[in-house]
Amino acid sequence: MKWNLCILLLGMLLGCKTAPASHPVSNDFEVGSSSVSIEPDNSLFSLTLAGYGYPGEGRFTLEWIARGEAPALAWMTGDGNRLYGIDREGQILVLDDPQKQLQWQSLESSTPVKYMAALQGKLYAMDSSGEWFSASPSDRRLNWKRITSPIDHVVALTSSEECLYAATSENELFEGRPSGSRIRWEKIGSAESVIGMAGYKARIFALTSNQILWRRDAEERNILWTKIGYNNGCTYDIDLQQIAVASDRLFAIGDDGRLYIAQHRTYNNLTARALAVRKGAKTVVVVGVDLTGLDYAFVNEVKAEIFRREGIPYHAVMINSSHTHFAPVSQNYFAWPEQNQRPDPLYMEQVLKPNIIRAVSEAVGNLKPSRLFFGTGSTRIGGNRCLSGDDALYDPTVDVLKVEDANHALTDVLFLTGCHPVFRNAGMEGFSINGNFPSVAKEIVKERSGASNALFLQGCAGDINPLYDDFNTMGSLLAEDVLTILDAPMSPIDGEISFAMDSLLIPVKAWSPAQITQFRTENSGHPGDLEAEKNVRWANIMLDHYEQGTMPGYMPIYVQTINIGNWKLIGLSREVVTQYGIELRKLWPDQPVSVVGYTNDVGSYLPAAPHVRAQTYEGYNSFFWYAQPGIFPENILDTVVSFIREQNR
């Protein structure tokens with residue numbers, strides 16, 4: 001007794017915290033975390049923002065920033081770190097490193113030219129009469145040599161990788177391969193109303209007369225261009241005359257005579273944050289990403305690489321999307337407007353995938369002896385957006401996992417609740433990359449608690465919208481509720497680690513081809529009606545399934561369970577409505593249970609009976625937006641809960 005008293009007094013004198021005697025805490029866990037940016041760099045000139053089908057013209061990250069006055073240029077092109085310009089008299093000018101200075105220098109030229117492009121150490125040009133030339137770059141004088149190039153009516157010229165690309169007044173796109181003193185051209189598609197072109201890393205970019213920017217992969221043939229920007233009167237509010245790429249950045253000349261540089265309009269707060277927990281031979285990792293959602297195939301590619309590098313099984317890695325409506329498109333939305341249908345593959349492969357993997361690897365590399373605590377409380381940041389009366393459920397639960405190191409110092413906080421990260425889709429905010437309120441809450445929790453890292457997981461938010469339009473207000477309110485839980489006594493977590501992944505296949509009741517055809521007919525002929533246009537796209541997708549024999553027979557629901565000691569974390573795929581969290585926690589009344597949606601795959605909504613009966617957006621219309629072959633049956637909640645109860649993971 002005397003020794004215990006001495007130890008207690010010594011701890012008080014040294015300012016140490018001791019765990020309450022009634023709550024023994026295990027030091028058997030090792031915990032590590034990491035936070036890695038998933039922001040696109042500016043060499044990805046513009047990306048489509050996910051989450052909203054409106055406006056129909058699209059929401060893009062592109063923002064034009066004025067660099068300064070520019071000469072009156074009729075044409076502009078790039079070569080490495082240089083911009084070349086041609087004025088209306090045929091005078092050639094050059095600007096070295098346009099990110100740093102704006103001193104254009106004149107070059108002597110043996111002949112006036114109209115269009116010019118750089119390719120593999122040479123310059124290629126065409127004059128106003130249609131004659132073609134080549135020259136070696138020079139700091140003083142360009143001595144052009146005539147070459148043969150059988151192509152007419154050129155209105156724009158650029159290069160990418162090994163080829164030249166030309167658009168014509170006949171709305172044709174040609175690919176040219178220089179060979180000696182000749183360029184061999186091949187028609188590869190269409191290019192309507194083009195007034196400017198630029199090339200960069202196997203991609204072609206075009207500016208059309210209606211002030212729309214387009215992108216396509218250079219090696220593709222006979223495909224439509226992908227829209228990447230337009231004059232929205234906000235982030236892109238000037239009409240452009242020419243575009244070019246230099247120093248890995250996109251530049252433009254505006255009709256106001258100024259040089260502009262493109263960048264992403266962003267709050268710089270998109271991250272992938274990982275928490276790794278190990279006990280004995282088992283390691284689990286929970287990852288929260290500031291994205292609208294991911295496809296199951298992509299998630300499995302990420303998990304495969306994690307397994308290859310770290311030896312962690314697929315089912316031990318849980319990837320949850322916060323569902324912010326202000327992140328780049330990161331999954332397929334085939335029934336949406338064209339610019340939303342597919343994510344940019346360069347963003348997915350060069351930014352997103354490696355940085356999620358890096359977050360996991362760093363978290364595993366940071367493992368150290370730790371103690372875990374669980375607490376739960378409530379928040380009032382959201383409300384049911386679609387139902388009324390007793391059906392209008394809102395689950396205010398906020399769950400918090402606290403991590404302390406062996407010296408009782410707080411290191412990490414993981415928290416979760418369910419609420420859509422939406423609003424505002426207007427003004428600058430509507431065109432800005434933003435993790436929304438979860439990102440704000442994470443930073444406040446981290447700063448105020450002194451934690452090294454804070455992670456957010458999105459709960460069952462399918463039918464829950466914020467109570468406040470301002471995402472900063474939302475984040476601040478949620479952070480305060482998390483901090484309140486951290487300041488209160490929390491229960492220690494102890495026990496073993498386990499994990500599992502289960503798939504529940506729900507049979508599809510697909511419409512017949514006749515029903516789909518009738519539906520398409522009813523919705524055709526309504527240009528500008530986004531709902532009708534979406535319905536036509538959905539009908540075409542379903543009829544293609546019938547024609548190709550690929551109509552899905554089931555809609556899968558993926559259920560992942562991670563047990564860290566006595567804390568059970570259940571992750572459901574799809575946009576899960578609030579009732580699932582309420583019902584699933586009842587299955588294990590004697591232990592802490594947390595339920596999140598948006599996990600591993602976001603293929604549609606996961607509604608409950610009231611949504612299906614009332615045909616709310618969550619229970620009916622959203623399935624068309626998600627290009628699903630059918631809707632879930634009215635008893636879907638009971639089916640899922642019963643399945644999870646039987647698996648008893």
Side-chain angles (χ1 to χ4, degrees), residues 23-33 273-288 299 303 306-307 310-320 360 363-364 367 369-376 397-404 412-418 455-460 490-504 557-573 576 580-601 640-649:
H23 296 290
V25 183
S26 171
N27 282 313
D28 293 340
F29 292 112
E30 292 179 275
V31 180
S33 76
R273 303 194 183 197
L275 186 76
V277 183
R278 175 179 293 166
K279 186 170 185 180
K282 292 184 178 179
T283 302
V284 293
V285 184
V286 179
V287 184
V299 167
K303 291 185 177 184
I306 291 170
F307 177 72
E310 307 295 341
I312 301 174
Y314 288 47
H315 300 167
V317 179
M318 178 183 288
I319 300 179
N320 174 272
V360 172
V364 173
L367 287 168
S370 302
R371 301 137 73 92
L372 301 177
F373 300 84
F374 180 86
T376 191
T397 302
V398 179
D399 289 342
V400 178
L401 180 73
K402 180 174 72 172
V403 182
E404 292 183 352
D412 302 286
V413 178
L414 181 151
F415 61 98
L416 61 99
T417 195
L455 291 80
F456 172 83
L457 301 182
Q458 184 58 265
C460 301
M490 301 180 72
S491 301
I493 293 176
D494 200 4
E496 301 304 313
I497 286 177
S498 64
F499 48 85
M501 177 79 83
D502 297 295
S503 299
L504 174 59
I557 299 169
Y558 304 108
V559 182
Q560 185 173 10
T561 305
I562 289 179
N563 295 297
I564 301 175
N566 56 318
W567 177 49
K568 183 182 296 292
L569 176 61
I570 301 173
L572 299 174
S573 63
V576 184
Y580 283 82
I582 296 171
E583 297 301 322
L584 288 174
R585 287 197 300 270
K586 294 177 183 177
L587 298 182
W588 294 274
D590 299 325
Q591 70 179 99
V593 178
S594 300
V595 185
V596 294
Y598 306 89
T599 301
N600 298 314
D601 180 68
V640 172
V641 173
S642 296
F643 176 78
I644 293 174
R645 180 192 298 114
E646 292 167 3
Q647 300 301 315
N648 192 25
R649 299 293 194 179

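Between F499 and L569 the shortest side-chain heavy-atom distance does not fall below 4.5 Å. Looking at heavy atoms from C-beta onward, T376 lies in side-chain contact with D399 at the 4.5 angstrom threshold. With contacts defined as side-chain heavy-atom distances shorter than 4.5 Å, the pair D502/R649 qualifies. When side chains are defined from C-beta on, V641 counts as touching L587, because their heavy atoms get closer than 4.5 Å. The closest side-chain heavy-atom distance from T283 to E310 is not below 4.5 Å. Residues V317 and I319 are in side-chain contact: their nearest non-hydrogen atoms beyond the backbone lie under 4.5 Å apart.
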Item to check | Stepwise side-chain contact (heavy atoms from CB on, under 4.5 Å) check, L372 with W567 | outcome: CA-CA 10 Å; L372 301 177; W567 177 49; over 6 Å; no
Item to check | Check against side-chain contact (heavy atoms from CB on, under 4.5 Å), V576 and V595 | outcome: CA-CA 10 Å; V576 184; V595 185; 5.9 Å; no
Item to check | Residues Q647, V559; criterion side-chain contact (heavy atoms from CB on, under 4.5 Å); working and verdict | outcome: CA-CA 10 Å; Q647 300 301 315; V559 182; over 6 Å; no
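Distance alone, capped at 3.5 Å, is enough to place a donor-acceptor pair between the T417 side chain and the T397 backbone. Side-chain N or O atoms of Q560 include none that pairs as donor or acceptor with a backbone N or O of G571 at under 3.5 Å. Looking only at distances, no side-chain donor or acceptor of Q458 sits under 3.5 Å from a matching main-chain atom of G597. No donor-acceptor pair under 3.5 Å is formed between the side chain of E496 and the backbone N or O of N563.
Nearest heavy atom pair, residue A276 against residue L367, reads O-CD2, 3.6 Å. Smallest separation of non-hydrogen atoms from L455 and V286: CD2-O, 3.9 Å. The minimum heavy-atom distance between I497 and V277, with the atom names listed, is CD1-O, 3.7 Å. Minimum interatomic distance between V287 and A274 (heavy atoms only, all atoms of both residues): CG2-CB, 4.1 Å. Contact between F456 and N320 at its shortest, heavy atoms only, is O-OD1, 4.5 Å. Nearest heavy-atom pair, F29 versus G495, reported as atom, atom and distance to 0.1 Å: CZ-O, 3.6 Å.
Within the cation-pi definition used here (under 6.0 Å to the ring centroid, within 45° of the axis), K303 does not qualify as a partner of Y314.
Atom CG in L584 sits 10.5 Å away from atom NZ in K568 (nearest 0.5 Å).
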